[in-house]
Amino acid sequence: MPFIDERQLSVREMREEEAPVVLEMLKDGFKDTENRLILYILTRPLTLLLMAVASSGLRFFLNSFSVALVIPVLLTIVGLKLLLWRSPDLKQIYSYYSIGQRKIWVAVYDQDDICGCVALDTTQDPQTVELKRMSVSRWYRRSGVGTHLLKFFESHAKKKGFRCIVLYTSMVAKAATGLFNNCGYKVKGGSDWLCYTIMQEFRKDI
């Protein structure tokens, strides 16, 4: 965990030319969570049962036992990866967060080192705002950058008249869930896959 001087840490809106850097940072953080989430899903009893059934069925058409065993696993992994990356904002991140009240900010250390980001998206409830794309670059993790970004986001949302913040995060992202719990966010729901919770919904009144 690096030591940082918070006086040299600032948050500002992302510039268009910084979009590739921010996307790489998001992808780097997402890969860690994605791999752990896929491993979690693949090792659930119901998932193992379904893959075993699929493998048994494939053995009637394939001569190779190993191929019949591997195909269901590969198809499950590919399907999960496609599902997890189905996000319209990642395709055109700068233009997406330049519409209306949507915003994306970067945390900058020592004037030019982008070390984190966070985005704001609207919801169907005019009093509720969604926190999205919060990420900290690998070198700056556990140094307070995430907390700094979260406080900035809350302050901005409050100034804009929002009363509630909602966010969704993977249940295997322990650092993120720990941060949100410590900052007063409460679990209010989640998303299930084969009866197992994979995404948690956090909310906080501001």
Side-chain angles (χ1 to χ4, degrees), residues 1-4 6 9-11 14 18-19 21-44 80-81 83-90 93 96-97 102-109 113-123 128-158 162 164-193 196-206:
M1 179 174 61
F3 170 80
I4 65 170
E6 287 198 10
L9 184 63
S10 61
V11 180
M14 184 190 77
E18 294 169 338
V21 176
V22 171
L23 275 175
E24 283 303 312
M25 181 169 57
L26 287 169
K27 289 177 181 178
D28 181 52
F30 195 78
K31 282 179 182 177
D32 294 339
T33 304
E34 178 189 67
N35 292 334
R36 279 182 281 141
L37 182 59
I38 288 175
L39 180 61
Y40 170 80
I41 293 173
L42 288 176
T43 54
R44 298 307 92 192
L80 288 170
K81 283 182 176 288
L83 180 65
L84 292 172
W85 272 101
R86 193 178 58 188
S87 303
D89 61 324
L90 293 176
I93 192 167
Y96 183 90
Y97 288 109
R102 292 172 180 165
K103 297 289 182 184
I104 184 165
W105 299 275
V106 291
V108 182
Y109 188 68
D113 191 6
I114 296 176
C115 56
C117 64
V118 66
L120 179 153
D121 205 351
T122 54
T123 68
T128 301
V129 67
E130 183 177 356
L131 183 152
K132 298 177 71 174
R133 303 308 171 202
M134 185 169 168
S135 182
V136 177
S137 65
R138 191 176 295 274
W139 173 252
Y140 286 93
R141 290 174 189 170
R142 300 185 181 277
S143 65
V145 174
T147 302
H148 192 86
L149 281 166
L150 187 58
K151 289 180 178 178
F152 172 88
F153 184 96
E154 291 177 351
S155 176
H156 176 86
K158 195 170 184 179
F162 294 105
C164 179
I165 296 174
V166 62
L167 62 94
Y168 302 89
T169 188
S170 167
M171 65 169 300
V172 300
K174 300 301 182 183
T177 56
L179 171 62
F180 298 134
N181 281 320
N182 291 337
C183 291
Y185 289 78
K186 303 297 182 184
V187 177
K188 297 296 183 179
S191 301
D192 296 339
W193 193 82
Y196 297 103
T197 300
I198 59 174
M199 298 291 290
Q200 290 181 310
E201 175 188 320
F202 285 84
R203 287 182 177 264
K204 180 181 180 180
D205 293 327
I206 54 175

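- Here the side chain of D113 pairs no donor or acceptor atom with the backbone of Y109 at under 3.5 angstrom.
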Please list, one pair per line, the donor and acceptor atoms closer than 3.5 Å that link side chains of residues 147-154 to other protein atoms, with sequence neighbours excluded.
unit_1, atom_1, unit_2, atom_2, d
E154, OE2, Y185, OH, 2.7
E154, OE2, K204, NZ, 3.2

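- Using a 4.5 Å cut-off on side-chain heavy atoms (C-beta onward), R133 and V22 make no contact.
- In terms of modelled atom types and a separation under 3.5 Å, the side chain of S143 and the main chain of I4 share no donor-acceptor contact.
- Annotation: the span from M25 atom CE to C117 atom SG amounts to 3.5 Å, rounded to 0.5 Å.
- Here the side chains of L90 and K27 are not in contact, with every heavy-atom distance at 4.5 Å or above.
- Looking only at side-chain heavy atoms (C-beta outward), C115 and L9 come within less than 4.5 Å of each other.
- Taking CG from L23 and CG from D28, the interatomic distance works out to 12.5 Å, rounded to the nearest 0.5 Å.
- Y140 contributes atom OH, which lies 11.0 Å from atom CD1 of I114 (distance to the nearest 0.5 angstrom).
- I93 CD1 to E18 CD: the interatomic distance, rounded to the nearest 0.5 Å, is 11.5 Å.
- Using a 4.5 Å cut-off on side-chain heavy atoms (C-beta onward), Q200 and F180 make no contact.
- Note that OG1 of T128 and CG of D121 are 12.5 Å apart. Values are rounded to the nearest 0.5 Å.
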Tabulate below the donor-acceptor pairs under 3.5 Å that side-chain atoms of residues 164-171 make, not counting sequence neighbours, or state none.
unit_1, atom_1, unit_2, atom_2, d
S170, OG, V172, N, 3.2

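- To the nearest 0.5 angstrom, W105 atom CH2 is 12.0 Å from M14 atom CE.
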